[in-house]
2 protein chains.
Amino acid sequence: MRTLVSGMAPGSPAPSERELVSQFGVARMTVRQAMDALVVEGLLERIPGKGTFVARPRRTASAITSYTEEMARRGMLAESVTLLARREQAGPGVARALAISEGEPIVHWRRLRRADGAPMCLEDAYLTESLLPGFLHAQLPTSLYDALEQRGLRPTWAEDSINADLCHGDEAGHLDIDAGAAVLRHSRRALSGDKVVMVSRSVYRADRFTLWVQIGRDA
Amino acid sequence: MRTLVSGMAPGSPAPSERELVSQFGVARMTVRQAMDALVVEGLLERIPGKGTFVARPRRTASAITSYTEEMARRGMLAESVTLLARREQAGPGVARALAISEGEPIVHWRRLRRADGAPMCLEDAYLTESLLPGFLHAQLPTSLYDALEQRGLRPTWAEDSINADLCHGDEAGHLDIDAGAAVLRHSRRALSGDKVVMVSRSVYRADRFTLWVQIGRDA
DNA sequence: TAGTGGTCTAGACCACTAT
DNA sequence: TAGTGGTCTAGACCACTAG
């Protein structure tokens with residue numbers, strides 16, 4: 001069904017409901033229900049009396065994006081250096097956030113994120129190991145979100161918390177700023193459906209990074 | 001239809017579809033469509049094989065909220081002191097954000113926001129005066145969003161930007177923190193439909209405030 | 001086993017748009 | 001006037017839940 005829409009240009013007309021009825025030999029209500037799903041997803045747009053059309057993509061601001069995607073949107077080149085990638089046992093905080101038991105095996109992945117060559121952010125990601133068998137033994141992926149997607153665990157939504165702080169001494173060197181400079185601390189709990197897929201804590205250089213959020217409108 | 005749900009406790013069962021069919025003498029598809037709307041709105045929840053139930057209110061994180069509402073959600077008492085409320089001419093930055101011409105009259109409203117008695121945030125709100133005739137001559141409202149709502153200008157969505165900074169000297173006294181302490185700077189462009197209704201810049205004490213955002217899921 | 005929601009059929013009439 | 005989506009009817013079978 002969605003293949004009918006996949007490659008079409010925004011604004012171009014979709015087949016009419018009655019057309020699909022005769023084409024597939026199903027009832028019109030059935031066609032409507034199938035199309036309803038695409039309308040809700042924002043792929044189709046119905047105009048009474050005129051027809052059904054491929055919708056213009058809605059604003060993508062509040063969609064969940066990876067660091068790489070986010071920097072691409074800013075026209076910056078994203079790079080990452082892995083500082084640490086190992087198996088650990090979940091401490092109390094991470095265990096609670098991941099909705100697992102304390103002491104269960106997790107993957108801890110720390111990366112320095114660069115943008116246009118200069119440090120932007122220091123990120124610690126924590127993942128439930130049992131969801132990602134063999135993750136550390138294979139080559140580490142370029143994009144964590146892509147790797148999750150390949151396992152059917154693409155985050156569909158996230159709970160983020162953001163606050164301001166002063167840069168700690170142990171972070172300053174990595175970020176190439178002075179201790180005491182302003183930083184933005186960003187925590188994310190990323191979920192795929194009901195499953196907590198990843199928890200992360202990031203420290204962004206405030207002089208290079210402003211977070212943009214769109215609120216109260218579809219993604 | 002929605003009166004069937006209005007006063008009911010979350011989790012309590014709604015009448016079954018077939019029950020409503022015989023009660024109202026309509027077809028089941030009709031009942032389903034009416035209920036579908038409520039399900040999409042998040043008022044009802046269907047559980048196959050069990051029934052339809054009044055949904056627990058979904059997380060409201062990505063709905064646009066006022067300061068007062070936000071603090072209430074944190075269980076804190078919100079208060080505001082007006083530091084400045086006057087007519088000004090739009091400077092270049094505010095004019096662009098409000099989508100008006102430079103020099104057009106605006107309302108500038110500066111408030112110190114308190115929570116549980118202590119300073120939390122310093123907010124400068126800018127509004128297009130022509131949208132709010134007589135705003136400054138009447139008594140200033142307790143809630144800006146309520147005042148906008150009464151004029152049919154309740155913000156339905158907003159573009160926010162958030163970054164970290166160090167507290168400036170002129171802000172420190174109001175916020176009762178030291179200059180150089182970490183603060184969260186929050187800018188908002190609030191829209192009602194296509195109309196820009198308000199632009200604001202806020203400075204939050206980082207030691208008292210963490211922003212929570214939910215991304216990629218309905219409000 | 002009875003009741004529930006999920007899905008589907010094969011029609012129907014309406015308001016609206018375009019020609 | 002023909003075609004579109006919006007809504008509705010009066011059934012039907014299915015998978016699932018619960019007693």
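Please read all numbers here as calculations on a predicted model, not as lab measurements. Order of the sequence lines sets the chain letters (A, B, ...), proteins ahead of strands, with each chain counted from 1.
A close approach under 4.0 Å does not occur between any side-chain nitrogen or oxygen of B:Ser16 and OP1 or OP2 of C:dG3. The side chain of B:Lys50 contributes no N or O atom lying less than 4.0 Å from OP1 or OP2 of C:dG3. At D:dT4, none of the side-chain N or O atoms of A:Thr52 fall inside 4.0 Å of OP1 or OP2 (strictly under the cut-off). Neither OP1 nor OP2 of D:dG11 sits under 4.0 Å from any side-chain N or O of B:Arg28. The side chain of B:Arg18 places no N or O atom within less than 4.0 Å of a non-bridging phosphate oxygen (OP1 or OP2) of C:dG3.
If you take CD of B:Glu17 and C1' of D:dC16, they are 14 Å apart, rounded to a whole angstrom. As rounded to whole Å, 10 Å separates atom C1' of D:dG5 from atom CZ of A:Phe53. A straight line from CG of B:Leu20 to C1' of C:dG3 spans 14 Å, rounded to a whole angstrom. Atom pair B:Glu45:CD and C:dG5:P shows a separation of 13 Å (rounding to whole Å applied). For the pair B:Glu19 CD and C:dA2 C1', the computed distance is 14 Å after rounding to whole Å. If you take CG of A:Leu44 and C1' of D:dT4, they are 15 Å apart, rounded to a whole angstrom.
At most 12 heavy atoms of other shown residues, nucleotides or ligands fall within 6.0 angstrom of atom CZ in B:Arg96.
Toward the 5′ end of DNA chain D lies the nearest nucleotide of A:Gly51, the other residue of the pair A:Arg32 and A:Gly51 mapping further downstream.
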Practice problem: Go through the steps for B:Asp124 and B:Arg201 under the test salt bridge (Lys or Arg N to Asp or Glu O under 4.0 Å), then give the verdict. | Solution: CA-CA 5 Å; B:Asp124 287 284; B:Arg201 285 195 270 264; over 6 Å; no
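Picking from D:dT9, D:dG6, C:dG5 the nucleotide with the shortest atom distance to the side chain of A:Met29 gives D:dT9. If you check C:dG5, C:dT9, D:dC8 against the side chain of B:Pro48, the one that comes closest is C:dG5.
What you find for A:Arg205 and A:Pro119 is that their closest heavy atoms are CD-O, 3.2 Å.
Across all strands shown, D:dA18 forms a Watson-Crick or G-U wobble pair with C:dT1, both key distances being under 3.5 Å.
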